[in-house]
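Every chain is numbered from 1, with letters handed out A, B, ... down the list of sequences.
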There are 2 protein chains.
Amino acid sequence: MAERGLAAPAALASARAPQERSTRQKRAIAAVLGSSDAFRSAQDLYAELRARGEAVGLTTIYNQLHLLTRTGEVDALNTDDGETLYRRCTTEHHHHLVCRDCGRTVEVEGPQVERWAESVAATNGFVDVTHIIEIFGTCAECASPAAPQ
Amino acid sequence: MAERGLAAPAALASARAPQERSTRQKRAIAAVLGSSDAFRSAQDLYAELRARGEAVGLTTIYNQLHLLTRTGEVDALNTDDGETLYRRCTTEHHHHLVCRDCGRTVEVEGPQVERWAESVAATNGFVDVTHIIEIFGTCAECASPAAPQ
DNA sequence: GTCATTGCAAACGCTTTGCATCTGT
DNA sequence: ACAGATGCAAAGCGTTTGCAATGAC
């Protein structure tokens, strides 16, 4: 989304090769992330890696997660109790429909909404746009009289 | 989350009148919440109350916010940097387009989005739906090359 | 040898909890 | 007076940062 006006100086110093290195830790983290497409917390990954006998420092996990998130290989979202959850990037950006009674969450998408947000922002001269959309409601289970409390 | 099994002795004690009391602090908090329909963090409210000369303890603010959230008078949502934002629950609403540099805010509406939210919720069997949409970006002024630094 | 990477330990920032004091009613 | 309300101080928690040691190339 960031279509900034980078006036690329572009001399010869163009490509700064990040010089990625392959390490046991990176591989271990990638392996765990790849083994499931569910959202996991950093602490969770830490525990699992440890259980697998592939101990990796928490710091390193956060490091990797940030890196992977930045490069778009991983998606991140935050829960209501302050944790950030990660999973390897499947499709793209989506939003949540949350039951305010039981907390059940459904992931939803709306290309039209994305476009609307973009266009509203553009109309007002805004650039580099992001947005937050959360839908709250009472799910069928919780709304049905059959489910007392 | 554990509001579980209170083995309510339930003689006639069914309705536990919470015996709400009116205090300066509650009124001050309600006043600030009522003065704007934007999302504010607890810390933010704390600062504003303090600025207004109506100092209220942070603990009390969290207390009230939890209470108001539970009774549905306030809506809560969490940002990506681990903060929880609150705003008084309004019936009619519009959304905000906020400049992340200068803070300028534009109120926007989108009937189509309202409908989209409704329909997504309905499709999933949810009722009594509300939603939150906030758009962030950089406004023209802040993005223009004329305003370096 | 160089430089990306790792990870311990400590710092952070928001939120929650313990508990003694205060205050509407 | 009594039960709800308040708020200081300190603990909790996930996350981030400082920085010296490690290891890929």
Side-chain angles (χ1 to χ4, degrees), chain A residues 13 15-33 39-50 52-71 73-87, chain B residues 1-3 6 9 13 15-33 39-71 73-87:
Chain A
R16 167 151 275 57
Q19 195 52 32
E20 276 262 331
R21 285 177 192 175
S22 167
T23 65
R24 175 181 65 76
Q25 292 89 334
K26 283 187 183 177
R27 264 173 268 122
I29 292 175
V32 174
L33 281 174
F39 277 98
R40 323 279 302 266
S41 69
Q43 312 272 348
D44 192 13
L45 294 174
Y46 177 67
E48 169 136 4
L49 283 165
R50 184 157 267 246
R52 288 192 182 194
E54 286 274 39
V56 174
L58 241 191
T59 310
T60 301
I61 294 181
Y62 280 112
N63 261 342
Q64 274 318 103
L65 253 20
H66 286 164
L67 217 68
L68 294 171
T69 299
R70 194 163 331 154
T71 62
E73 292 173 67
V74 156
D75 253 352
L77 87 82
N78 347 45
T79 65
D80 358 333
D81 37 271
E83 267 188 332
T84 303
L85 303 182
Y86 305 85
R87 85 169 168 190
Chain B
M1 49 171 97
E3 207 75 325
L6 358 140
R16 168 150 281 45
Q19 194 54 32
E20 276 263 332
R21 286 179 191 173
S22 167
T23 66
R24 175 182 65 77
Q25 292 88 335
K26 284 187 184 177
R27 263 174 270 123
I29 293 174
V32 174
L33 282 174
F39 279 96
R40 323 282 301 267
S41 69
Q43 312 271 349
D44 192 14
L45 294 174
Y46 178 67
E48 169 135 4
L49 284 165
R50 184 156 267 246
R52 287 193 183 195
E54 286 274 36
V56 175
L58 241 191
T59 310
T60 301
I61 294 180
Y62 280 112
N63 262 342
Q64 275 315 104
L65 252 19
H66 286 165
L67 218 67
L68 294 172
T69 299
R70 195 164 328 157
T71 62
E73 292 173 66
V74 157
D75 258 349
L77 90 83
N78 345 47
T79 67
D80 4 329
D81 37 270
E83 266 188 332
T84 303
L85 303 182
Y86 306 86
R87 84 166 172 194

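For the pair A:Tyr62 and D:dT15, the criterion of a side-chain N or O lying under 4.0 Å from OP1 or OP2 is met. A close approach under 4.0 Å does occur between a side-chain nitrogen or oxygen of A:His66 and OP1 or OP2 of D:dT16. For C:dA4, neither phosphate oxygen OP1 nor OP2 lies less than 4.0 angstrom from any side-chain nitrogen or oxygen of A:Thr23.
Closest to the side chain of A:Gln43, from the set D:dG14, D:dT6, C:dC14, is D:dG14.
In this structure, the CD1 atom of B:Ile29 is 11 Å from the C1' atom of D:dG7, given to the nearest Å. One interatomic measurement links the two molecules: CD of A:Glu83 to C1' of C:dG13, which rounds to 16 Å at whole-angstrom precision. Residue A:Arg24 contributes atom CZ, which lies 10 Å from atom P of D:dA24 at whole-angstrom precision. The distance from atom CD of A:Glu54 to atom P of C:dT6 is 13 Å, rounded to the nearest whole Å. Per the geometry, CG belonging to B:Asp44 stands 16 Å off P belonging to C:dG13, to the nearest Å. Nucleotide C:dT5 holds its P atom 8 Å from the CD atom of A:Gln64, rounded to whole Å. As a whole-Å value, the separation of B:Leu58 CG from D:dG12 P is 19 Å. Atom-to-atom, CZ of B:Arg27 to C1' of D:dA5 comes out at 12 Å; the value is rounded to the nearest Å.
Using a 4.0 Å heavy-atom cutoff across all strands shown, A:Thr59 reaches at least one base atom of the nucleic acid. Backbone-only contact: A:Gln25 has heavy atoms under 4.0 Å from sugar-phosphate atoms and none from a base. Counting non-hydrogen atoms under 4.0 angstrom, A:Ser22 reaches the backbone sugars and phosphates but no base. Using a 4.0 Å heavy-atom distance criterion, B:Thr84 is classed as a sugar-phosphate-only contact.
Comparing B:Ser41 and A:Asn63, the nucleotide of DNA chain C nearest to each residue sits closer to the 5' end for A:Asn63. Of the two residues near DNA chain D, B:Lys26 and B:Tyr46, the one whose nearest nucleotide lies more 5' is B:Lys26.
A 4.5 Å side-chain heavy-atom check between B:Ile61 and B:Leu49 finds at least one atom pair inside the cut-off. Two residues are said to be in side-chain contact when any heavy atoms from C-beta on lie closer than 4.5 Å; B:Arg40 and B:Tyr46 fail this criterion. Contact annotation: the side chain of B:Leu65 approaches that of B:Leu45 to within less than 4.5 Å [non-hydrogen atoms, C-beta and beyond].
No more than 12 heavy-atom neighbours from other residues, nucleotides or ligands sit within 6.0 angstrom of CZ on B:Arg50.
For the salt bridge (charged side-chain N to carboxylate O under 4.0 Å, His left out) with B:Lys26, the lone residue among B:Glu20, B:Glu73, B:Glu54 that qualifies is B:Glu20.
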